[in-house]
S.K.: 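Could you have a look at this structure, given as structure tokens, before my questions?
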Amino acid sequence: MSLGGIMGGVVIVEEIFDYPGMGRLFFEAVGNRDYPLMQTILLFTIVGMLLANLLADFVVGWLDPRVRKGDAKWICKITNAQRRWRKKGLLPRWASML
């Protein structure tokens, strides 16, 4: 989900429930062209999203032993058809990682 989608969703929820929060503050900052306030809100939102993604990565690694460091070979398995295509030059090296 994009940052714009998150901020837009926050503004809509705050308008529906008449809750004065960060979304409304951000919306007013955009209307008033208050760039330092917009930058601050976006900085905290981005840092929060990065920390949440980092936490999710650790939790997934803890729950699924296949994802742990050194055990990710199952992600990059190449099929026999891909090997044949690569030998013929029809498949670039990075395509097996998709």
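In this text, all values refer to a predicted model and were calculated from it rather than measured experimentally. Heads up: numbering here begins at 1 and tracks the sequence.
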S.K.: What is the distance from atom CD1 of I41 to atom CZ of F27, rounded to the nearest 0.5 Å?
M.R.: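 Answer for the CD1-CZ pair, I41 versus F27, is 12.5 Å.
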S.K.: Going from CG on D18 to CZ on R24, what distance comes out if it is rounded to the nearest 0.5 angstrom?
M.R.: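 Reported value, rounded in 0.5 Å steps: 5.0 Å.
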S.K.: Heavy-atom distance under 4.5 Å between the side chains of L54 and L50, does that happen here?
M.R.: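 No. Closest side-chain heavy atoms not under 4.5 Å.
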S.K.: Spell out, yes or no, whether I16 and V13 are grouped together once hydrophobic residues are joined by side-chain heavy atoms under 4.5 Å, including indirect joins.
M.R.: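 In one cluster: yes.
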S.K.: Looking at OG1 of T40 and CE of M22, how far apart are the two atoms once the value is rounded to the nearest 0.5 Å?
M.R.: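 Those atoms lie 8.5 Å apart.
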S.K.: Do Y35 and V30 sit in the same hydrophobic cluster, where Ile, Leu, Val, Met, Phe, Trp and Tyr count as joined when their side-chain heavy atoms come under 4.5 Å apart?
M.R.: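 Yes, it is one cluster - the side chains of Y35 and V30 are joined through contacts under 4.5 Å.
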S.K.: Do you know which two heavy atoms are closest between F26 and L42, and how far apart they sit?
M.R.: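 Here F26 and L42 meet closest at CE1-CG, 3.9 Å.
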S.K.: Do L55 and L63 belong to the same hydrophobic cluster, where Ile, Leu, Val, Met, Phe, Trp and Tyr are linked whenever their side-chain heavy atoms lie under 4.5 Å apart, directly or via other members?
M.R.: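 As far as the 4.5 Å side-chain criterion goes, L63 and L55 are connected within one cluster.
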